[in-house]
2 protein chains.
Amino acid sequence: MNEATTRDPDLTRSRILQAGFELFVDKGFAAVSMRELAQRSGVTKSLIHHHFGTKEGLWDAVKEAAFSRYYEGQKDELEGADAPDSNLLRNGVIRYFRFLQENPQVVRLFTWMHLENDSTCSEMDAELVALGARRVREAQEAGLLRADVNPTHVVTIFIHACSQWFEVRPQHKNWEGIGSDDEYLEDFLKIFMDGLAPGAAASETDSN
Amino acid sequence: MNEATTRDPDLTRSRILQAGFELFVDKGFAAVSMRELAQRSGVTKSLIHHHFGTKEGLWDAVKEAAFSRYYEGQKDELEGADAPDSNLLRNGVIRYFRFLQENPQVVRLFTWMHLENDSTCSEMDAELVALGARRVREAQEAGLLRADVNPTHVVTIFIHACSQWFEVRPQHKNWEGIGSDDEYLEDFLKIFMDGLAPGAAASETDSN
DNA sequence: ACACTGACTGACCGGCCGGTCAATTAGGAC
DNA sequence: GTCCTAATTGACCGGCCGGTCAGTCAGTGT
């Protein structure tokens, strides 16, 4: 009965943040009530207001915490990569896919944000994509990838193919013939990497 | 002043449906109130209850109307296609992309539904994908597409690449170096179609 | 002319919403 | 030990929420 009465504002804050993360990810901002948040985090409603001001304040804090975790992780991986070689893009896709696979809540959170036209993290987001696009351009200049496609689009395409997969997976699990996460990733990589091979443009010159 | 007093339940119903479509697409189910819906559709709150029962009832009706429009359109296009030829998949992607481009609200509606784990249209959805996958398989058997990828995944990939593009476009419009709708589509088609070409698998046998 | 059905209205309901506030209390600074 | 800051509480607020209901009224079948 000693630790129950002890005050620990940092722990309290993080408990509220965690409850907010779970509930907002699950139901979206509008469908969550302060009372629900209070109950889940085991504190009083007033205490949430004390620490975060308003419901929007907590929402912002939840988004920022989640996104900064995402941002740091992705940036480390992007900057830690070596000089361009033929497997760099492939490995980047795989790492991104694995990250989403292990953090499905992040996908949902970002989707809620997109629907609400939230631009909280647009600068960081843009920075990550620019970093990835630069890598692709380097590989293009080294002759490792076809040069007739926009590097930003290359990054965008694989981000979309990965994130949408996890966004809609619950609904599409019983589509006829659909495979596991790994099988989807494998097929995507086949098409994506071969479609980006330097010689890929040659095979189609007769059709149009 | 004569037509204002005339009753027309069908028109009323469709006006409520239209208002519901607009508001739900814009803000999501939870963030829309019955009073808002009544004001937008120019009728009384009670009248919405009279026609649709509850707020959920209206939401269901909105979803069903939107999805059945989508379903009919897509099915017509899929069944109207000719025998497999080398441009069939390419044209299918273009048509799907154009449809989303002209109906951005549908993308948002489906995204809200996915986040809410709504399975209202999962059977019809699965049917469309199965139809598309069958087309891909035919093309594979005719030697027009590489045969070492799951046809359902092929369809899934392009659906994801197209729908996610329109889902996040508002936020990503100012990404460094990102192009227009058409430029994105063009680059995606280059990578996608070349990656699916029958000879694509050959170029990579040495790397792994 | 009359009755019946259902479209339509406005007043009303209990309850939950996000937010406020005064009061209590624990913990750290000195 | 005292004081001050801030964490924490519970009672309370006005307002909006989804939904109901009795009643009015327009159109229709006979």
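First the proteins, then the strands, lettered A, B, ... as listed; each starts at 1.
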Are [X] and [Y], when compared by the centres of their aromatic rings, separated by less than 6.0 Å?
X	Y	result
A/Phe110	A/Phe67	yes
B/Phe24	B/Trp59	yes
A/Tyr70	A/Phe99	yes

Discussion item. Is there a side-chain contact between B/Thr12 and the phosphate of C/dA7, meaning an N or O under 4.0 Å from OP1 or OP2?
Written reply: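 No, no such contact exists.
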
From [options], pick the nucleotide closest to the side chain of [X]?
X	options	answer
A/Thr44	D/dT9, C/dT20, C/dA7	D/dT9
A/Arg7	C/dG10, D/dG10, D/dA6	D/dA6
A/Ser46	D/dA11, C/dA11, C/dC8	D/dA11

Discussion item. Keeping B/Arg108 on the side-chain end and B/Val25 on the backbone end, is there a donor-acceptor pair under 3.5 Å?
Written reply: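 Yes, because the side chain of B/Arg108 sits within donor-acceptor range (under 3.5 Å) of the backbone of B/Val25.
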
In whole angstrom, what separates [X]'s [atom1] from [N]'s [atom2]?
X	N	atom1	atom2	answer
A/Leu47	C/dC21	CG	P	17 Å
B/His51	C/dG6	NE2	C1'	9 Å
A/Arg13	D/dA6	CZ	P	14 Å
B/His49	D/dA22	NE2	P	16 Å
B/Ile48	C/dA7	CD1	P	15 Å

Worksheet item: So B/Trp112 and A/Trp112, would you call those rings parallel, tilted or perpendicular, with 30° and 60° as cut-offs?
Response: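 Plane angle between 30° and 60°, so tilted.
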
Fill in: Any side-chain heavy-atom pair of A/Arg137 and A/Glu141 under 4.5 Å
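With C-beta onward as the side chain, the pair touches.
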
Discussion item. So if I take residues 54-63 of chain B and measure heavy-atom distances to DNA chain C, which residues fall below 4.0 Å?
Written reply: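 Heavy-atom contacts with DNA chain C come from no residue of residues 54-63 of chain B; none.
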
Item to complete: Give, ordered by number, those residues of residues 23-40 of chain B having at least one heavy-atom distance below 4.0 Å to an atom of DNA chain C; if nothing qualifies, reply none.
Response: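 Hits under 4.0 Å, by residue number: none.
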
Worksheet item: Want to settle it: does A/His50 or A/Lys45 sit nearer the 5' end of DNA chain D, counting the closest nucleotide to each?
Response: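 Of the two residues, A/His50 wins.
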
Sequence neighbours left out, cut at 3.5 Å: what donor-acceptor pairs do the side chains of residues 15-22 of chain B make with other protein atoms?
{"residue": "B/Gln18", "atom": "NE2", "partner": "B/Glu22", "partner atom": "OE2", "Å": "2.9"}
{"residue": "B/Glu22", "atom": "OE1", "partner": "B/Arg40", "partner atom": "NH1", "Å": "2.6"}

Worksheet entry | Test: A/Lys27 and B/Glu116 ion pair at under 4.0 Å |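 Looking at B/Glu116 together with A/Lys27, the answer is no, because their closest N to O distance does not fall below 4.0 Å.
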
Discussion item. Do the side chains of A/Lys55 and A/Asp60 get close enough for a salt bridge, i.e. N-O under 4.0 angstrom?
Written reply: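 The answer is no: the pair does not qualify as a salt bridge.
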
